[in-house]
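Before any comments, here is the structure.
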Amino acid sequence: MPSIEETASVVLLAPLKNSTFRSIFFASQLSSLGWLMQTVALSWLMATVSTSDVMVALVQASSTLPAFFLAIFVGAIADNYSRRMVMIVGRSLMMAASAMLTILMAFGITDPWMILAFSFLDGCGIALSDPAWRASLGDLLERRHLPSAVTLLNVGFNTIRSVGPALGGIIVAVFGPLVTFALTTFGFVAPLTALWRNKWTVKASPLPREALMTAIYDGLRFTAISSEIKATIVRGTLFGLTGTSMLALLPLVARDLLKGGPIDYGILMGGFGAGALVAGLVNPPLRRAVTQELLIVLACVACAACAISLALTSSLIIATVCLAFGGAGWVTGWSGFGVNVQLASPRWVVGRTISIYSAFTYGGIAGGSWLWGIIAENHSLSLSLACSAASSLVVAALGLKLPISNRLESELEASGAFDAPVPALDLKPRSGPILVTTEYAVADENADLFLEIMRRRRLVQSRVGARQWTLTRDVQQPSRWLETFRTPTWTDYHRLHHRLNEADKRLDDELKALSVAYDLPRTTILVERPTAARKSAPVPYVSQK
């Protein structure tokens with residue numbers, strides 16, 4: 001009989017059986033290692049060419065801000081264009097920025113604003129490729145393997161983050177920033193090669209591509225309507241804000257509380273990475289044994305225990321063990337949030353929901369790093385860690401109000417079956433706005449049940465693109481009800497029906513069962529036409545003289 005550890009590792013590594021995923025995954029780990037090394041080199045280079053502490057701090061900010069500000073745009077792009085090509089463009093931008101930085105460095109050009117500019121371009125490449133890569137998981141893998149895939153991505157990045165900065169520091173110290181930039185540039189070749197050599201089939205939509213602003217609006221609207229995704233975003237943002245103190249303040253812990261140096265810092269990061277790796281291995285069986293909400297609570301408690309322990313200990317060994325628990329909680333939390341967003345999002349909008357989730361969580365991590373740093377600077381490091389620990393426990397308790405669901409087997413995918421009505425008018429794809437009305441006849445004794453079904457129908461229709469949805473009742477014939485909504489264009493009306501899944505369409509059967517008229521429900525589709533008076537041509541003035 002295989003041991004629990006062997007079974008857990010088999011489940012976690014199941015996505016790697018897919019050759020395309022395996023190739024891109026390992027290539028991405030290599031490029032992540034190079035990017036982390038380059039970040040260290042850029043920070044060191046900025047510290048040598050600029051005397052401003054603000055400019056040094058802006059190196060980190062310039063690489064993360066694009067993911068925050070461009071998230072919703074790149075999410076819409078990932079949902080409307082080939083995700084593989086979006087990833088290629090993003091990775092190419094990163095490689096081009098790194099290559100130009102290497103060339104300019106070779107010629108001795110090291111202007112501080114140039115450093116920030118290329119760091120910003122790197123961040124734009126990450127912001128473009130990362131949502132497309134995460135959204136592609138559902139295209140490459142079976143739905144049951146998505147939790148393991150998301151966990152693998154988190155384990156891989158946090159493991160690389162444990163060794164990347166240390167390795168980058170060694171290379172910068174021995175060979176200098178130029179060699180680091182050159183190695184990073186070659187590292188970006190790996191994911192580009194993997195993406196170029198591997199193609200995967202994505203179910204094509206029979207409808208034309210959405211306009212960018214419409215896609216953004218639909219993504220924001222879907223996210224605002226989905227209670228699951230909203231809860232995940234709120235908890236994930238607060239988890240990042242409170243838990244990031246472990247990493248943001250770790251250099252200060254090594255220097256001030258442990259009285260150590262760079263080697264001690266590397267040991268502490270190694271403990272964090274080891275905990276992340278172990279948590280990744282046991283995450284699949286834990287997901288089957290306990291609820292997702294309990295896992296999130298345990299993750300928050302682990303991060304809180306790590307932070308308060310770091311505040312109270314002066315032992316390197318104890319601090320390393322505590323960071324192993326912190327790393328386990330960090331990976332468990334992010335894996336849970338990431339999986340929930342993936343499984344709560346249908347394929348047509350998953351790029352946008354992942355991008356919105358990433359924007360808020362990146363913002364939470366950045367805000368937390370600033371907040372705990374301010375408290376540590378103005379008060380004390382121990383107080384900052386203690387406050388973050390208490391805040392993590394508050395995030396755990398927030399589950400009573402905003403629980404994370406245990407969505408594992410539910411299917412949100414669109415059925416794709418829709419018998420489009422044949423219009424008598426010559427409607428163009430962009431004709432509109434379209435007004436849709438559906439008439440119902442419901443007996444008084446079934447009115448409450450009808451309203452309950454219509455509440456669900458309103459959420460369903462609004463989630464897939466219906467606008468200005470209303471339900472009205474005839475004051476003279478109380479059994480007569482009228483459902484009304486609009487879509488911007490004729491194509492958007494088609495797109496709405498293509499997004500409905502089988503569970504959504506079963507509401508139609510429930511409504512038909514309540515009808516007291518054989519010819520109802522009856523749907524009428526109208527196109528709005530402008531009725532404003534046209535401006536008449538100006539009458540020329542004729543002199544009477």
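Under a 3.5 Å cut-off, the side chain of S148 and the backbone N or O of H145 do not form any donor-acceptor pair. No side-chain donor-acceptor contact under 3.5 Å links R134 to the backbone of Q342. Remark: side-chain polar atoms of N18 are paired, donor with acceptor, to backbone N or O of L140 under 3.5 angstrom. S380 places a side-chain N or O within 3.5 Å of a backbone atom of L383 that can act as its donor or acceptor partner. With hydrogens and angles ignored, the 3.5 Å screen pairs a side-chain donor or acceptor of T332 with a backbone N or O of A328. A distance-only check finds no donor-acceptor pair linking the side chain of R84 to the backbone of S136 [under 3.5 Å]. The backbone N or O of A76 sits less than 3.5 Å from a side-chain atom of N80, completing a donor-acceptor pair. Using modelled atom types, no side-chain atom of S23 and backbone atom of S19 make a donor-acceptor pair closer than 3.5 Å. With S358 contributing its side chain and I354 its backbone, the two residues share a donor-acceptor pair below 3.5 Å. A donor-acceptor pair is defined here as one N or O able to donate and one able to accept, closer than 3.5 Å; no such pair exists between the side chain of R91 and the backbone of S129.
The side-chain contact (heavy atoms from CB on, under 4.5 Å) check on A396 picks up V297, C300, with sequence neighbours excluded. A search for side-chain contact (heavy atoms from CB on, under 4.5 Å) contacts involving C124 returns P66, L70, L93, F120, not counting sequence neighbours. Listed by chain and residue number, Y217 satisfy the side chain to side chain donor-acceptor pair (under 3.5 Å) test with R221 (two or more places apart in sequence, or in another chain). With sequence neighbours left out, D256 forms a salt bridge (charged side-chain N to carboxylate O under 4.0 Å, His left out) with no residue at all. Remark: S384 engages no residue in a side chain to side chain donor-acceptor pair (under 3.5 Å) (not counting sequence neighbours). With sequence neighbours excluded, the residues forming a side-chain contact (heavy atoms from CB on, under 4.5 Å) with Y81 are I77, V86, R209, listed by chain and number. With sequence neighbours excluded, no residue forms a side chain to side chain donor-acceptor pair (under 3.5 Å) with S462. In this structure D79 satisfies the salt bridge (charged side-chain N to carboxylate O under 4.0 Å, His left out) test together with R83, R352, sequence neighbours excluded. Listed by chain and residue number, F21 satisfy the ring-ring contact (aromatic ring centres under 6.0 Å, His included) test with W133 (two or more places apart in sequence, or in another chain). With sequence neighbours excluded, the residues that form a side chain to side chain donor-acceptor pair (under 3.5 Å) with T353 are S345.
A centroid separation of 6.0 Å or more is found between the aromatic rings of W334 and F157.
Residues L257 and L310 have side chains not in contact (no heavy-atom distance under 4.5 Å, counting atoms from C-beta outward). Taking the side chain as every heavy atom from C-beta outward, F272 and T320 never approach each other to under 4.5 Å. A 4.5 Å side-chain heavy-atom check between F222 and W348 finds at least one atom pair inside the cut-off. Annotation: side chain of L153 is in contact with side chain of L137 (closest heavy-atom distance under 4.5 Å). With a 4.5 Å cut-off on side-chain heavy atoms, L101 and M114 count as touching.
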Would you tabulate the side-chain donor-acceptor contacts of residues 237-255 under 3.5 Å, counting partners in other chains and residues two or more places apart, or write 'none'?
from	atom 1	to	atom 2	distance (Å)
T237	OG1	I233	O	2.7
T242	OG1	L238	O	2.9
T242	OG1	F239	O	3.3
T242	OG1	S392	OG	3.4
S245	OG	S388	OG	2.7

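Atom CH2 of W196 has 12 or fewer neighbouring heavy atoms from other residues, nucleotides or ligands inside a 6.0 Å radius. Remark: F325 CZ is loosely packed, at most 12 non-hydrogen atoms of other residues, nucleotides or ligands lying under 6.0 Å away.
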### Task
Please step through side chain to side chain contact (heavy atoms under 4.5 Å, CB included) for the pair F337 and I404, ending with a clear verdict.
CA-CA 8 Å; F337 294 129; I404 301 298; 4.2 Å; yes
### Query
S355 and I72: side chain to side chain contact (heavy atoms under 4.5 Å, CB included), yes or no, with the steps?
CA-CA 6 Å; S355 295; I72 185 59; 5.8 Å; no
### Task
Verify side chain to side chain contact (heavy atoms under 4.5 Å, CB included) between T184 and L33, making sure each step is shown before the conclusion.
CA-CA 8 Å; T184 300; L33 177 63; over 6 Å; no
### Query
Can you list the steps and then say if L146 with L343 is a side chain to side chain contact (heavy atoms under 4.5 Å, CB included)?
CA-CA 8 Å; L146 284 180; L343 297 185; 3.9 Å; yes
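Residue pairs satisfying the salt bridge (charged side-chain N to carboxylate O under 4.0 Å, His left out) criterion with at least one member in residues 230-247, sequence neighbours excluded, are listed as follows: R235-E293.
Side chain to side chain, T232 and N340 meet the donor-acceptor criterion of an N or O pair below 3.5 Å. A side-chain donor from one of Q38 and D122 sits under 3.5 Å from a side-chain acceptor of the other.
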